[in-house]
**Student:** 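Can you read through this structure? Questions will come right after.
In this chain, residues are counted from 1 in sequence order.
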Amino acid sequence: MRRIRLFATFLLCMLSDCNAGAQTQPLSPLRQYLTIRSAGFPTLSPDGAQVAFRTSLTGTSQLWKVRTGNLWPEQMTFFGSSILSAHWSPDGKSILVVHDVDGNEQYQFTLISADGTSQKPLTNAPSVRHGLGAWSNDGRFFSFHSNARNSQFTDCYLMNVSTGEAKRVFTRDASMSSGPLSNDGKWMAATESRSNFDSDVWLINLETGIGRNVTHHSGEELSSPVAFTPDGSKLIINTNRGSEHSRLQAFDLK
């Protein structure tokens, strides 16, 4: 409500002479404040030669790409509504785009070729919300979560990029977010969120589908997975356990 009142006051000031100085200094058109463009969420190609990013340069946030040394980027997507994010594949051949339809926030996945000449929808379920986890090291799979089983909860999945087959690998009546995958393909890390101030990290065995809460605690504590070490022996976790500040900790899988 306070934001609404502040915005209403701002509009009144823009449309009327709300201070004495306005009589001598012309007001700026409101349009220039409503058409501010932005860019963000960069994703770097594996060879470091290109950067794909989200920008609202054309009015809605779409995927653009720029090569090293180029003066102007190239638009890659032309969806009817804004994209949420984009993530370059480890082999550099494609970019995974997360987007919705007409702003319904039911996010879907589309794979865009790196040169922008083709796109492949990987999900097409308008009533299901999907969230991206992470690519596998070889680029054959990526982890994600969705509420396909139950609209109130999200489960963890793996997507085979070449076949488009999605496999549910962990089921729990909770708000789960899929995370990084170990290089050997045996483990997935995930986050269970209970509130903006309370979460846990789960370690999921992809062969058995059994998950273990590795940050079990009492009270409020925020923890999230960052990455597995290259040799797969440890999981790096970001947590504020025992502190008012977040820090990195290593969890030994053995």
**Student:** Can a donor-acceptor pair be found, under 3.5 Å and without considering hydrogens, that links the side chain of D155 to the backbone of R172?
**Tutor:** yes

**Student:** Go through the steps to decide whether T110 and H99 satisfy the test side-chain hydrogen bond (donor to acceptor under 3.5 Å, both in side chains), and finish with yes or no.
**Tutor:** CA-CA 8 Å; T110 295; H99 62 96; 2.7 Å; yes

**Student:** Drop me the distance from S182's OG to L253's CG, to the nearest 0.5 angstrom.
**Tutor:** 7.5 Å

**Student:** Is W64 linked to I83 within one hydrophobic cluster, defined over Ile, Leu, Val, Met, Phe, Trp and Tyr using a side-chain heavy-atom separation of less than 4.5 Å?
**Tutor:** no

**Student:** Between H245 and S243, is there a donor-acceptor pair closer than 3.5 Å when you use the side chain of the first and the backbone of the second?
**Tutor:** no

**Student:** Determine the minimum heavy-atom distance between T215 and E221, stating which atoms define it.
**Tutor:** O-OE2, 4.0 Å

**Student:** Examine distances only and state if a side-chain atom of S199 and a backbone atom of S223 form a donor-acceptor pair shorter than 3.5 Å.
**Tutor:** yes

**Student:** Determine whether the aromatic ring centres of F53 and F41 lie less than 6.0 Å apart.
**Tutor:** no

**Student:** Spell out, as yes or no, whether a donor-acceptor pair under 3.5 Å connects the side chain of K234 to the backbone of Q249.
**Tutor:** no

**Student:** Ignoring hydrogens and geometry, is there a side-chain-to-backbone donor-acceptor pair from N240 to L222 under 3.5 Å?
**Tutor:** yes

**Student:** Which residues satisfy the side chain to side chain donor-acceptor pair (under 3.5 Å) test with D115, sequence neighbours excluded?
**Tutor:** S113, T117

**Student:** Just verifying a value: how many Å separate S177 OG and L132 CG, rounded to the nearest 0.5 Å?
**Tutor:** 11.0 Å

**Student:** Rounded to the nearest 0.5 Å, what separates atom CD1 in I204 from atom CZ in R212?
**Tutor:** 13.5 Å

**Student:** Taking the six-membered ring for Trp, are Y157 and H145 closer than 6.0 Å centroid to centroid?
**Tutor:** no

**Student:** Compare every heavy atom of I95 with every heavy atom of A86, then report the nearest pair and how far apart it is.
**Tutor:** CB-CG2, 3.8 Å

**Student:** So does S193 get a backbone contact from the side chain of T191, meaning a donor-acceptor N/O pair under 3.5 Å?
**Tutor:** no

**Student:** Examine F170 together with W202 and report whether their ring centres are nearer than 6.0 Å.
**Tutor:** yes

**Student:** Which donor-acceptor pairs under 3.5 Å do side chains of residues 71-79 form with protein atoms, sequence neighbours excluded?
**Tutor:**
residue: Q75; atom: NE2; partner: T77; partner atom: O; Å: 2.9
residue: T77; atom: OG1; partner: Q62; partner atom: OE1; Å: 2.8
residue: T77; atom: OG1; partner: L63; partner atom: N; Å: 2.9

**Student:** What I'd like to find out is whether the side chain of P90 reaches to under 4.5 Å of the side chain of D138, using heavy atoms alone.
**Tutor:** no

**Student:** Answer with yes or no whether the side chains of S85 and H87 bring together a donor and an acceptor at under 3.5 Å.
**Tutor:** yes

**Student:** For D252, check salt bridge (charged side-chain N to carboxylate O under 4.0 Å, His left out) against everything at least two apart and list the hits.
**Tutor:** none

**Student:** Within the distance-only criterion (no hydrogens, no angle test), does the side chain of R54 pair as donor or acceptor with the backbone N or O of L84 below 3.5 angstrom?
**Tutor:** yes

**Student:** Looking at T60, is its backbone amide N or carbonyl O close enough to the side chain of S82 to form a donor-acceptor pair, meaning the two atoms are under 3.5 Å apart?
**Tutor:** no

**Student:** Taking all non-hydrogen atoms of both residues into account, name the closest pair between A190 and C156 and its distance.
**Tutor:** CB-SG, 3.9 Å

**Student:** Does K167 have more than 12 heavy atoms from other residues, nucleotides or ligands lying within 6.0 Å of its NZ?
**Tutor:** no

**Student:** Does any part of the side chain of V98, heavy atoms only, come nearer than 4.5 Å to the side chain of F109, both counted from C-beta?
**Tutor:** yes

**Student:** Tell me the closest heavy-atom pair linking V161 and G139, and the distance in Å.
**Tutor:** CG2-O, 4.0 Å

**Student:** Quick one about D200 and H216 (side-chain donor to acceptor, distance below 3.5 Å, no hydrogens or angles considered), yes or no?
**Tutor:** no

**Student:** Only counting residues at least two apart or in another chain, list the ones meeting ring-ring contact (aromatic ring centres under 6.0 Å, His included) with W135.
**Tutor:** F142

**Student:** Out of T239, N213, V226, L235, which one pairs with V201 under the side chain to side chain contact (heavy atoms under 4.5 Å, CB included) rule?
**Tutor:** L235

**Student:** Take atom CZ in R67; do more than 12 heavy atoms of anything else shown fall under 6.0 Å from it?
**Tutor:** no

**Student:** Taking all non-hydrogen atoms of both residues, which atom of L111 and which atom of S94 are closest, and how far apart?
**Tutor:** CD1-OG, 3.6 Å

**Student:** Is it the case that the side chain of R129 and the backbone of E105 share a donor-acceptor pair, with hydrogens and angles ignored and the cut-off at 3.5 Å?
**Tutor:** yes

**Student:** Between CZ of R140 and OG of S89, what distance do you get to the nearest 0.5 Å?
**Tutor:** 14.0 Å

**Student:** Identify the residue among V214, I210, I237 that makes a side chain to side chain contact (heavy atoms under 4.5 Å, CB included) with L203.
**Tutor:** V214

**Student:** Less than 4.5 Å apart, side chain to side chain, heavy atoms only: is that true for E192 and T154?
**Tutor:** no

**Student:** Let me confirm one number: the NZ-OG distance from K93 to S45, rounded to the nearest 0.5 Å.
**Tutor:** 14.5 Å

**Student:** With sequence neighbours excluded, what pairs up with S151 under the side-chain contact (heavy atoms from CB on, under 4.5 Å) test?
**Tutor:** N147

**Student:** For the CG atom of L181 and the CG atom of L206, what is their distance to the nearest 0.5 Å?
**Tutor:** 6.5 Å

**Student:** For Y107, what residues pass the ring-ring contact (aromatic ring centres under 6.0 Å, His included) criterion, not counting sequence neighbours?
**Tutor:** none

**Student:** For residues M159 and L122, determine if any side-chain heavy atom of one lies less than 4.5 Å from a side-chain heavy atom of the other.
**Tutor:** yes

**Student:** Is a side-chain donor or acceptor of Q108 paired with a backbone partner of Q106 at a separation under 3.5 angstrom?
**Tutor:** yes

**Student:** Hey, is CG on D102 packed in by over 12 heavy atoms from elsewhere, all under 6.0 Å?
**Tutor:** no

